[in-house]
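Take a look at the structure set out below.
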2 protein chains.
Amino acid sequence: MSQNNAFYAQSGGVTAVINATACGVIEAARNHPDQLGKVFAGRYGILGALQEELIDTSLESASAIAALRYTPGGAFGSCRYKLKGLNENRAEYTRLLDVFAAHGIRYFFYNGGGDSQDTTHKVAQLAQQLNYPLTCIGLPKTIDNDLPLTDNSPGFGSVAKYIATSTREAALDVASMAKTSTKVFILEVMGRHTGWIAASAGLAKTQQHSAPHIILFPERPFIVQEFIAKVQHCVTTYGFCVIVASEGIKYPDGTFVAQANSKDAFGHAQLGGTAPVLAAHIKQQLDYKYHWALADYLQRSARHIASKTDVEQAYALGRAAIAYALAGHSNIMLTIERQAGSDYRWAIGHAPLAQVANREKALPNEFIDAEGFGITAQAREYLLPLIQGEDYPPFVDGLPNYVKLNNQLVAKKLENAFS
Amino acid sequence: MSQNNAFYAQSGGVTAVINATACGVIEAARNHPDQLGKVFAGRYGILGALQEELIDTSLESASAIAALRYTPGGAFGSCRYKLKGLNENRAEYTRLLDVFAAHGIRYFFYNGGGDSQDTTHKVAQLAQQLNYPLTCIGLPKTIDNDLPLTDNSPGFGSVAKYIATSTREAALDVASMAKTSTKVFILEVMGRHTGWIAASAGLAKTQQHSAPHIILFPERPFIVQEFIAKVQHCVTTYGFCVIVASEGIKYPDGTFVAQANSKDAFGHAQLGGTAPVLAAHIKQQLDYKYHWALADYLQRSARHIASKTDVEQAYALGRAAIAYALAGHSNIMLTIERQAGSDYRWAIGHAPLAQVANREKALPNEFIDAEGFGITAQAREYLLPLIQGEDYPPFVDGLPNYVKLNNQLVAKKLENAFS
């Protein structure tokens, strides 16, 4: 077996399919024992590298690794920890390389969003400066779908499928009850800066009158009276109104709608909660009976209703990372490329990490309809392929049978601890 | 074709499987054209009968009716409308019988919870008094599982499966992030009076340390300090804490916890929201980072993750209603009977409607563990069979392909309108 080991880490908010990427990395690496030694995974992401807490994935069975493909969450732990700039905190980066050197790590695979790609890029730069031979490959992941250069980001398609499915289902419920009970239903979805997830709810709409009737995007200012007029129109016309609201919508003055819901039971500023503020507006002006739901983590962990396309892409990216690394590529992020043609086909591509950092892909203007409460045909054309196919996890005793790895740590080799 | 028609209505909050019962009723009725004429369905439940808005289900294709088996919500509309006592508002009951007589309705199938069974009973009594030949059969339905005399209620098993699945999935997410981010996750579930739904989350727990760590039942007083101590213990011991809270929990003085969250953005009393109050307690005393989700209607409409057992029971009850009716039974509610033995087997039984009215089946004391934050082995033994099996709806273009009926109304025959 090769003495050149690999380090893989998960970063930021986890998804229903980030473990599928891990599965691809580890399975592909195991096919090349003469070029690649062990794959170490960071315990709680990059912190695992800094703190020299490396999980030895070679101790996991083939079936346990295979089960990662259908297990949501981050199997090795993730973290919200952003390394500072190379000049501001060079010590962190040199520490990373010290740990890598101590454990024979020559490959660095970092699975995350924009910040993680930026970190990967900086690590690659420093390794080059210090003449440390390190192959650095970024693997995209974010439910927000806001990474540039890739057609879409693994994790998003599954959230989109969950939100569109849930919207369609809840709408059938509300439609049944509207005559004497709930007339307005609000589903609050993730997306602080971009409306990709909110837009995906639009896939549930098949006709002019079908739900969701109103989508609220963070890309559009939230104007109370326009919203109220639209709600009233829907209830008058269809008997009910289903609203999907992005958590990040703002009033025209730039304050978050959620901020208005500012006091909790003890008078503290309250976090989150766009839906209850919308409900309060509706109650105050229209007095309709309403219900609201906050999907929160349920939407990004709902592996039971994951998009097969999303799972396949996440897994393929993991496998491709090994192929690209062994082919000598470095300092790149792998991407999903949509192929030209009327049928959806995709391939894996790559982009220089230098181009990824600090760029956020907003929902294009032309994806939001003129009124500002729905998506266009163009948006539908982009979104629909991403939710295609079902990929159910195995069920045992009525519940999805997800894997829990042993996550055994490698013995530390460095004398000094990270501080 | 027989001139004796049937009337079927859906009542109260709808479920993921109430249409499966409708499917059973209509499909079985179509097998007996010489004994049973048309099945009329109430548009918006019993209101459809009072207002003489009868949907002619014979105009729906066999495939549309078959699709009801996998379509959530109430296909004909439901309502929250409780008929008063027979003496207080005899006019409503005689109106029902007038409509039935005008349309040759000799069979009354009412699909709902306790109030609906009570109504069915009263209609049966009045029909008898007035010598109107009417077969009255109640069909159980409630996600709350609080109907007496039946081992379980259709609708509950699917919510239980959804909640246990979602809890398990979200817990994997939180476990991944807890090191640097969210340490406490709260899922608020339905159940204003009984903790059946909250209890079902306990099925996700397979080991002492696994989630959910805390279940809050309306059957137990919510004592803040005990709760906070338990949360702290979980975070200290496991690194994170997953809480499933019934919306109906109360402080020892009897006030709803949700009531504490009493002001909305405009200073109005706010409806609902137990989870944010729990979050506020945690923030105030422990300052852990938290997230919370409110599943609301998503939990009772999630047909995509319905329990196969639940679907089968709901459908079988519908078919059985026709068989019981044609065999001459009346004034009964059909029930699910659990058979003795170590393997779960069930059969359909029946109980006199007179015994159903105004009785609520609480979660048995022995289903809640000594500490009050979890379920017992006995509860697990009861609950587990109810979530067995998956029964996925067909998907088209990435989303469940639910049916929308034409719901054509029969021409009115009565001159006077219901007021």
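Note that the structure is a prediction, hence the values are computed from the model and not measured. Here is the naming used below: chain letters follow the sequence lines, and residue numbers restart at 1 for every chain.
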Counting only non-hydrogen atoms closer than 4.5 Å, does A/T165 touch chain B with its backbone (N, CA, C, O), its side chain (CB onward), both, or neither? both
Does any heavy atom of chain A fall under 4.5 Å from the side chain of B/L47, the backbone, both, or neither of them? side chain
Using only heavy-atom distances, determine whether the side chains of B/T182 and A/Y297 contain a donor-acceptor pair under 3.5 Å. yes
Does a side-chain heavy-atom distance below 4.5 Å link B/Y402 with A/L172? yes
Under 4.5 Å from any heavy atom of chain B, what part of A/Q388 do you find: side chain, backbone, both or neither? both
Options B/P400, B/S166, B/C79, B/G73, ranked by heavy-atom pairs under 4.5 Å with chain A, top entry: B/P400
Given B/R300, B/H304, B/R303, the one that forms side chain to side chain donor-acceptor pair (under 3.5 Å) with A/E169: B/H304
pair A/K308-B/F395: side-chain heavy atoms closer than 4.5 Å: no
Can you confirm whether B/K404 is buried at NZ, in the sense that more than 12 heavy atoms of other residues, nucleotides or ligands lie under 6.0 Å from that atom? no
How many angstroms lie between atom CD of B/E188 and atom CG of A/D296, to the nearest 0.5 angstrom? 12.5 Å
Side chain / backbone / both / neither for A/R80 at chain B, heavy atoms under 4.5 Å: both
What is the ring orientation for B/Y392 with A/Y392, classed by angle as parallel under 30°, tilted 30 to 60°, or perpendicular over 60°? parallel
Between A/S307 and chain B, with a heavy-atom cut-off of 4.5 Å, which part of the residue counts as in contact: side chain, backbone, both or neither? neither
Which atoms of B/A175 come close to chain A, meaning under 4.5 Å heavy atom to heavy atom: side chain ones, backbone ones, both, or neither? backbone
Region of A/F76 that comes under 4.5 Å of a non-hydrogen atom in chain B: neither
Of the backbone (N, CA, C, O) and the side chain (C-beta and beyond), which part of B/S181 lies under 4.5 Å from a heavy atom of chain A, both, or neither? side chain
Part of A/L187 within contact of chain B (heavy atom distance under 4.5 Å): side chain
